[in-house]
Peer 1: 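Could you have a look at this structure, given as structure tokens, before my questions?
For this chain, numbers begin at 1 and follow the sequence in order.
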Amino acid sequence: VRDAGAIRRLSATLGHEDPCVRRAASAMLGESTVDDAVLQTALADPSPRIREAALHAVGHAERPTLRTRSEALLGDRDESVATMAAWALGQLEDAASVGPLAAALERGGTRLRATAAWALGEIEDTKAVPALRKALRDREAAVRAEAADALGDIESPEPAEDLERLVGSDPDRRVRLEAIQALGDIEVARSAPALAAVLDGSDIELSVAAAEAIANLDELAQAPAPLVRAASSGDPHLRHAVAHALGEIADPATVAALTRLLSDADPEVRRAAVEGLGEIGSRDAVPALTRALSDPDPEIRRAVAEALGEIEEE
């Protein structure tokens, strides 16, 4: 939006009683050619409704000149305003905001703490790791979950042990899931046992996430036993994730497990098994792969031919 009249109309709508109207107007205003001074004035408005909407505009505008004023609003007496300030700072992604957001992570209400944790993840600065590790022990599950997700975004190996503890002991399912995914983002091999322990449980979504996380771990030479056992799961999504993970690890000891998956009812599982055997490159897989050249799926037959070629090259 570049028209001056339209910008004035959007500015006047920041105090609208309908939150949907306010959000639409503030998003459009943030992406317009509005002068920073207009937003600065709105950020200081006596109405919390207008301050919150102005912060929403700042987040869409991504204007660094409004960062310090947005940081000051983290201490606003209205929690909705303070929470929106944290969101806006996450959108700005300036490492200078790590300190103010870390402070909000300790003193704010639940919504503010959770949003501050999210914002620190968006900024992706390792200086936020100590505050986020502390937030992993927050009394509220929503804050712990956002802190785990943020640490995954930052990808520092330092909090891996804390995240492993959450995977095994946190009472909230979403926290465990976020911790699993964060360990997959951090990618340290030492997390394999904690992730593999999830595979012995009955929660398929968590098991799939754990298998996918294990597939991402760097320098993992040996496949955990629970991962190999999960190849016989009754759930095709888990079998597919396991087959992919075994291929990424490329442990020759798992050739037999992958070979059994060549006859799986699910074509995606069969293809992942074929690709995994190609990654391992063991000649022990040649007989089973040769039989798989008669697979009814042409894409799988093509993958088998490629896998046999890779083994021949090895």
Side-chain angles (χ1 to χ4, degrees), residues 114 117 135-153 159-218 220-251 253-277 279-280:
L136 292 178
R137 299 187 295 274
D138 195 277
R139 64 185 181 275
E140 296 292 341
V143 179
R144 299 196 302 276
E146 291 291 354
D149 182 55
L151 288 168
D153 290 337
E161 184 175 357
D162 299 305
L163 290 163
E164 291 162 13
R165 173 183 56 80
L166 289 186
V167 169
S169 64
D170 198 277
D172 187 88
R173 184 179 180 280
R174 182 194 166 198
V175 174
R176 297 196 301 275
L177 179 60
E178 295 289 359
I180 289 168
Q181 293 171 338
L183 289 172
D185 292 333
I186 293 172
E187 301 179 356
V188 292
R190 57 148 291 163
S191 298
L195 291 167
V198 178
L199 294 165
D200 287 330
S202 59
D203 190 316
I204 293 298
E205 184 182 6
L206 293 184
S207 295
V208 170
E212 292 173 344
I214 290 172
N216 290 338
L217 302 184
D218 288 334
L220 183 62
Q222 185 174 358
L227 181 68
V228 179
R229 289 196 296 270
S232 60
S233 166
D235 186 271
H237 298 96
L238 180 54
R239 295 197 305 275
H240 180 269
V242 168
H244 174 70
L246 293 177
E248 290 295 312
I249 299 168
D251 180 356
T254 64
V255 168
L258 284 168
T259 298
R260 286 191 292 272
L261 291 177
L262 292 178
S263 59
D264 196 276
D266 189 302
E268 293 300 322
V269 176
R270 298 200 303 275
R271 181 168 182 169
V274 168
E275 292 171 348
L277 290 168
E279 289 294 326
I280 294 173

Peer 1: Hey, could you give me the OG1/CG distance between Thr254 and Leu227, rounded to the nearest 0.5 Å?
Peer 2: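 Going from the OG1 atom of Thr254 to the CG atom of Leu227 covers 8.5 Å.
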Peer 1: Could you go step by step and tell me if Leu262 and Val274 meet the side-chain contact (heavy atoms from CB on, under 4.5 Å) rule?
Peer 2: CA-CA 7 Å; Leu262 292 178; Val274 168; 3.4 Å; yes
Peer 1: Grab the two heavy atoms, one from Ala192 and one from Pro224, that are nearest each other, plus how far apart they are.
Peer 2: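 It is CB-CG, 4.3 Å.
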Peer 1: Once you round to the nearest 0.5 Å, how far does NE2 of His237 lie from CD1 of Ile204?
Peer 2: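 Atom-to-atom, His237:NE2 and Ile204:CD1 are 10.0 Å apart.
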Peer 1: Heavy atoms only: give me the nearest Ala148-Leu136 pair and the separation to one decimal.
Peer 2: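 That would be N-CD2, 3.6 Å.
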Peer 1: Could you give me the CA-CA distance, side-chain angles and deciding distance for Arg229 and Leu199, then say whether side-chain contact (heavy atoms from CB on, under 4.5 Å) is met?
Peer 2: CA-CA 9 Å; Arg229 289 196 296 270; Leu199 294 165; over 6 Å; no
Peer 1: So, taking the atom named CG in Leu206 and the one named CG in Leu195, what distance separates them when rounded to the nearest 0.5 Å?
Peer 2: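 Here the rounded value is 11.0 Å.
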Peer 1: List the atom of Asp203, the atom of Arg173, and the distance in Å for their closest heavy-atom pair.
Peer 2: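 So the two residues come closest at OD2-NE, 2.6 Å.
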Peer 1: Could you check Glu248 against Leu220 for side-chain contact (heavy atoms from CB on, under 4.5 Å), going step by step and ending with a plain yes or no?
Peer 2: CA-CA 9 Å; Glu248 290 295 312; Leu220 183 62; over 6 Å; no
Peer 1: Quick check: closest heavy atoms across Ala223 and Val228, and the distance to 0.1 Å?
Peer 2: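 Distance-wise, the nearest heavy atoms are CB-CG2, 4.1 Å.
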Peer 1: Which heavy atom of Leu238 sits nearest a heavy atom of Ala211, and at what distance?
Peer 2: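 Scanning both residues, the minimum pair turns out to be CD1-CB, 4.4 Å.
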Peer 1: Test His240 against Val269 for side-chain contact (heavy atoms from CB on, under 4.5 Å), laying out the working first.
Peer 2: CA-CA 5 Å; His240 180 269; Val269 176; 4.0 Å; yes
Peer 1: Does the pair Arg137/Asp162 count as a salt bridge with the N-to-O cut at 4.0 Å?
Peer 2: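 Salt bridge between Arg137 and Asp162, a charged N being under 4.0 Å from a carboxylate O: no.
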Peer 1: Between CG of Leu217 and CD1 of Ile249, what distance do you get to the nearest 0.5 Å?
Peer 2: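 It is 7.5 Å, given to the nearest 0.5 Å.
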Peer 1: From Glu212 CD over to Ile180 CD1, what is the distance, rounded to the nearest 0.5 angstrom?
Peer 2: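 CD1 of Ile180 is found 10.5 Å from CD of Glu212.
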Peer 1: Can you measure from CZ (Arg165) to CG (Asp170) and round to the nearest 0.5 angstrom?
Peer 2: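 Interatomic distance, Arg165 CZ to Asp170 CG, rounded to 0.5 Å: 8.0 Å.
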Peer 1: Salt bridge check, Arg239 against Asp264: does any charged N sit closer than 4.0 Å to a carboxylate O?
Peer 2: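 Looking at Arg239 together with Asp264, the answer is yes, because their closest N to O distance falls below 4.0 Å.
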Peer 1: Would you call Glu275 and Arg271 a salt bridge, using N to O less than 4.0 angstrom?
Peer 2: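 So Glu275 pairs with Arg271 through a salt bridge.
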Peer 1: Less than 4.5 Å apart, any side-chain heavy atom of Leu277 and any of Val255?
Peer 2: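 The answer is yes, as the side chains (C-beta and beyond) meet within the 4.5 Å cut-off.
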Peer 1: Using a strict 4.0 Å threshold on nitrogen-to-oxygen distance, state whether Asp172 and Arg144 make a salt bridge.
Peer 2: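 Salt bridge absent between Asp172 and Arg144.
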Peer 1: Which pair of heavy atoms, one from Pro159 and one from Leu151, lies closest together, and at what distance?
Peer 2: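 Heavy atoms of Pro159 and Leu151 come nearest at CG-CD2, 3.8 Å.
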